[in-house]
Amino acid sequence: MEISKDILYIGVNDHQVDLFEGQYAVPNGMAYNSYLIRDEKTAVMDTVDKNFTHEWLDNLEKALDGRKPDYLIIQHMEPDHSANITAFMRNYPDAVIVASAKAFTMMEHFYGKDYADRRLTVGEGDTLSLGRHTLSFYTAPMVHWPEVLVTYDSADKVLFSADGFGKFGALDVEEDWACEARRYYFGIVGKYGAQVQALLKKASALEIRTVCPLHGPVLRETLGEVLRLYDIWSSYGVESEGIMIAYTSVYGNTKKAVDQLADKLKAKGCPKVVVTDLARDDMAEAVEDAFRYGRLVLATTTYNADIFPPMKEFIHHLTERNFQNRTVAFIENGSWAPLAAKTMKGMLEGCKNLTFAENTVRILSALNSESSEKLEALAEELCMDYLARQDSTANKNDLSALQNIGYGLYVLTSSDGKKPNGMIVNTVAQVASNPNLIAVCINKQNYSHHVVKQTGIMNICCLTVDAPFSVFKNFGFQSGRNADKFAGTEILRADNGLPFLGQYSNAFLSLQVEQYMDVGSHGMFLCRVTEARVLSDRETMSYAYYQANVKPKPETKGKKGYVCKVCGYVYEGEELPEDFVCPLCKHGAADFEPIQ
Ligand code: FEO
């Protein structure tokens, strides 16, 4: 096979191998690729597996067409590529081996020789001229071993990528590239995402037309797609929409729950549901799918006060490959002391950026009405976005969508002429840049609304992420009509005479009201900027940050009722009156949620 005028394929197909690397099923065999570059000098790129010595040497001899090889370039020392170094060097006593220093150490360990008198050690950025072709070497540690080099030929724009971009399967079998490349990637280099990202960065600086890997086909037309997938895989991104359910089942009851869940997920619009029986299906395929989809359901039984062995093995495969950035849900089955969910969650504890589903399904031996209801709740939770996307199932009047609008948090200061006042607002927005116009909305029930409407001036102080809850309590949970919110503090004043915060604020704007609009519950003030000062470079506090990090967690344990989402006030009672107003922050019933 000709890769270019000067580059020939001399690799072999292996249909005898039972398990690649002693563990991966390869029903379509395996290819061990090797290439010959013919120029003024000739270079052989890697050897092949030990079972193909003569076939490979025959291929080489034919491609050499009477010439002798000058160099044997060893990019990777794993025996599927290095096993024939000795045979080659014996056959071609004038050839020189080109490899990294680490590769030569491994050569001695594997084959008892480091070829000290016939070797050329190369590293990052080194080059080797063959004539028209100049080869540049780049280190690619841990893709897939530490000694790995990849090689770039600038003449024909070819990247010899070692194990990178390889796949399972012999070259004489037609099959989808992505499927077996993904299984190969996550099985073999999945742990080393950061190192693959580093290699992709190096590759992005090169003009590459052809990739010649050590396994799988030579890549040309599909290169863009291949690089896109490698970027997703190595950054642990989600490649495909859908949900994977991985399960084990001893007597079929867990399987029954899994089948029901799969049906529910499909019915709720999940675009793809993949179900894997970990005791029977290919483990590498299961690992590949866990990294392919963004949501994973793990269903298993409690077993020997632990979990069923294939599930344990599966989770171990995931954690050792840096499983991350996904949503995980659990179904556990146990006849007397179910603890599988807790055990599975514990095993995943060290993984980065996992979101655990709120609903965990507990089966006590077999499904009953309670666990079936939980299955429904889990399906609903996992399919929330799929349900919302479909016209037929979407709730088109879900006003909690309003809470997803991003806001900052500010202290608005004013003065009634007797004392300075301040309140917390989130509805501040620049609405024009020429001129700079700021819109500020204030609840009409607030004293500040009354004051600003009369005076026509205010300051907006942008709060920073280090502002403690006491700032919100002081300015937000009491009225300036009766409280002096600046009492006991040294007041800093802007040119308009109103206070600004010297602490917990990164900037303030002095505003002159130009227009007022009654917009129902609130009054909207459209304002011109009269002074603008930056006080620090600390980050502005967002409403979401306040909710997650500043607002104290409400004491709801053992209580029945509703909790205010704004300040955490707890209302105890069966029903929250529709006209209820939070006594702390003055927000209405819409800002309360039931205690779970
Ligand atoms: Fe294809 Fe890492 O050996």
Side-chain angles (χ1 to χ4, degrees), residues 9-35 44-53 55-56 59 72-86 88 97 99-100 102-107 109-111 137-151 159-171 173 175 177 179-196 198-200 203 211-219 226 230 233-234 284 287-288 317 320-321:
Y9 181 82
I10 54 168
V12 298
N13 288 318
D14 183 355
H15 285 287
Q16 267 79 56
V17 59
D18 59 344
L19 293 175
F20 179 67
E21 287 193 357
Q23 61 170 322
Y24 299 104
V26 279
N28 287 336
M30 201 64 202
Y32 311 114
N33 296 343
S34 172
Y35 306 89
V44 177
M45 305 299 297
D46 298 285
T47 82
V48 299
D49 185 82
K50 65 177 185 321
N51 294 325
F52 298 87
T53 307
E55 188 179 335
W56 175 67
N59 290 350
L72 171 63
I73 296 171
I74 293 296
Q75 302 184 105
H76 182 18
M77 273 302 296
E78 200 166 2
D80 51 333
H81 311 292
S82 68
N84 286 296
I85 292 175
T86 313
F88 176 93
I97 302 187
S100 67
K102 281 195 179 87
F104 284 114
T105 306
M106 288 183 180
M107 226 172 276
H109 295 166
F110 269 115
Y111 308 113
F137 301 101
Y138 298 92
T139 57
M142 304 323 293
V143 188
H144 141 237
W145 277 13
E147 84 296 0
V148 169
L149 292 172
V150 298
T151 309
L159 179 72
F160 296 92
S161 60
D163 273 346
F165 310 107
K167 71 180 266 295
F168 296 128
L171 297 191
V173 179
E175 63 179 358
W177 181 85
C179 182
E180 283 298 73
R182 191 189 301 106
R183 191 166 71 95
Y184 173 90
Y185 175 86
F186 284 110
I188 288 171
V189 268
K191 181 180 175 63
Y192 301 106
Q195 288 82 351
V196 174
L199 177 59
L200 290 178
V211 168
C212 293
L214 288 179
H215 302 288
V218 169
L219 301 163
V226 165
Y230 251 67
W233 298 343
S234 56
V287 170
E288 165 198 352
H317 280 303
E320 73 176 4
R321 286 167 176 77

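One is the number of the first residue; the rest follow in order along the sequence. Given the structure is predicted, the values throughout are model-derived calculations rather than measurements. Both ligands and their constituent atoms are indexed starting at 1 by order of listing.
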Can you find a heavy atom in the side chain of Y24 that is under 4.5 Å from one in the side chain of Y184?
no
Do L171 and P217 come within less than 4.5 Å of each other through their side chains, counting heavy atoms only?
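Result yes, sub-4.5 Å side-chain heavy-atom pair found.
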Taken in chain and number order and not counting sequence neighbours, the residues that satisfy side-chain contact (heavy atoms from CB on, under 4.5 Å) with L199 are A140, V143, V150
Mind running side-chain contact (heavy atoms from CB on, under 4.5 Å) on N59 and V12 for me, showing each step along the way?
CA-CA 9 Å; N59 290 350; V12 298; 4.0 Å; yes
Shell check on atom 2 (Fe) of ligand 1: protein N, O or S atoms less than 2.8 Å away are H76 NE2, E78 OE1, H144 ND1, D163 OD2
Counting only N and O atoms by type, is there a donor-acceptor contact under 3.5 Å from the side chain of D14 to the main-chain atoms of M30?
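A pair under 3.5 Å: no.
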With a 3.5 Å distance limit and no angle check, can you tell me whether D46 reaches the backbone of S82 through a side-chain donor-acceptor pair?
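Absent.
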